[in-house]
Asker: 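First the structure, then my questions, so here it is.
Residue numbering restarts at 1 for every chain, and letters A, B, ... go by the order of the sequence lines. From a predicted model like this one, the values you see are computed outputs, not experimental measurements.
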Amino acid sequence: MAWLSLRRVYNRLYKHYGPQHWWPADSPFEVMLGAILTQNTAWGNVERAIGNLRANHCLSPRAIVATPEKALAQWLKPSGYFNIKARRVRNFCQWYLEVGEFPGLSVLATDELRKQLLSVSGVGPETADDMLLYAFQRPVFVIDAYTRRIFSRLQLLEHDAGYETLRSQFEQALSADVTLFNEYHALIVQHAKVACKKRPVCQACCLARHCPFSFQPAC
DNA sequence: TACCAGGAGAAAA
DNA sequence: TTTTCTCATGGT
C-alpha cells in the first residue's frame, strides 16, 4: 500500500470535513466505556445509554461494578444488545479496577497493554484499538467496517484481509502519529456516514455517484 | 417494512 | 480453522 495514496486520501478527507475532535467523551474511562457500547451501534444511541448512566450516578468503574447486571442492562437499553453489553461493561470495569485503573495502565508498553485489553471478554481488536488510540494516546490505527469498505473500493487494500494485516499495512504506510491516526479514523467514519446518508443501503462508498467527492483509485 | 449502525463471542461446519 | 449465528434498540 503506497504511503502517497494514503496521505492523499487523508488530505482530501481533512480538507473536505475538517478536524473531527474525537473521541467525544469527558475522560479516558468514558472513552473506553463508549468503545464497548458503540460496538455495531450508532453513536447517538450510545450517548443515550451514557446519559442514563450519568443520570443514575453510575459513570465510574466502581459504580458500574457495584450495580446489578439487570439494572445496568436497563440503563444501557438504548445502545442495543443491552444484556450482552451490561456483562461486557462490568467485565471491563472489574478488570480495570484490578489492574490499577488509568494511571497504572499508562506505564505499560503498547503491545502489553493491547494484550491485556484483548484478554477482557467483550473487548475485541477494534474496541481495544479504539481504547489504545483515543484513551491512551497510543499510535494504533483502528480498522473498522468503514475502513474495509472504503479502502477496498479504492483498491488500496483487500476487503477480506485479516484485521491485524490491515492494521499493520496502515501503520507501516503512515508515520506512527497519534494525531494523524486519531483524525484519520474519525474522518473515515464521518465520510462513510455522509456518503451513505443519501442511500442508507450503500455498498459503494467513494466510487458511487452520491459520494460528496469522488476518490478514484489512481488519484 | 426493511435495512443498517464506529463488533464480539459462541456455536456449527 | 473458517464460517455462521446471535445479540437488540433507534433512525432512516
Asker: Going through the checks in order, is the side chain to side chain donor-acceptor pair (under 3.5 Å) test met by A:E158 and A:S152?
Answerer: CA-CA 6 Å; A:E158 293 180 18; A:S152 62; over 6 Å; no

Asker: Taking the side chain from A:Y184 and the backbone from A:V9, do they hold a donor-acceptor pair closer than 3.5 Å?
Answerer: no

Asker: Got a sec, which residues hit salt bridge (charged side-chain N to carboxylate O under 4.0 Å, His left out) with A:D130, two or more places apart in sequence or on another chain?
Answerer: none

Asker: Would you kindly confirm whether A:L118 and A:L166 end up in one hydrophobic cluster when ILVMFWY residues are joined by side chain heavy atoms under 4.5 Å apart?
Answerer: no

Asker: Rounded to whole angstrom, note down the P distance from C:dG10 over to B:dA8.
Answerer: 22 Å

Asker: Between C:dT3 and B:dA5, how many Å separate the two C1' atoms, rounded to a whole number?
Answerer: 22 Å

Asker: For B:dA8 and A:T127 - does any side-chain N or O of the residue sit under 4.0 Å from the phosphate oxygens OP1/OP2?
Answerer: yes

Asker: Pick the closest DNA chain B nucleotide for A:V123 and for A:W23 by heavy atoms, then say which residue is nearer the 5' end.
Answerer: A:W23

Asker: Reckon A:R148 has a side-chain N or O less than 4.0 Å from the OP1 or OP2 of B:dG7?
Answerer: no

Asker: Please evaluate residues A:M131 and A:V123 with respect to the criterion side-chain contact (heavy atoms from CB on, under 4.5 Å), reporting the C-alpha separation (whole Å), side-chain torsions for both, the decisive distance (0.1 Å), and the verdict.
Answerer: CA-CA 10 Å; A:M131 294 176 176; A:V123 177; 4.2 Å; yes

Asker: Please determine, for the side chain of A:N83, which listed nucleotide (C:dA8, B:dA5, B:dG9) has the closest atom?
Answerer: C:dA8

Asker: Of all of residues 40-48 of chain A, which get a heavy atom below 4.0 angstrom from DNA chain B, listed by number?
Answerer: A:N40, A:T41, A:A42, A:W43

Asker: At under 4.0 Å between heavy atoms, what does A:S121 touch on the DNA or RNA strands: base, sugar-phosphate, or nothing?
Answerer: sugar-phosphate

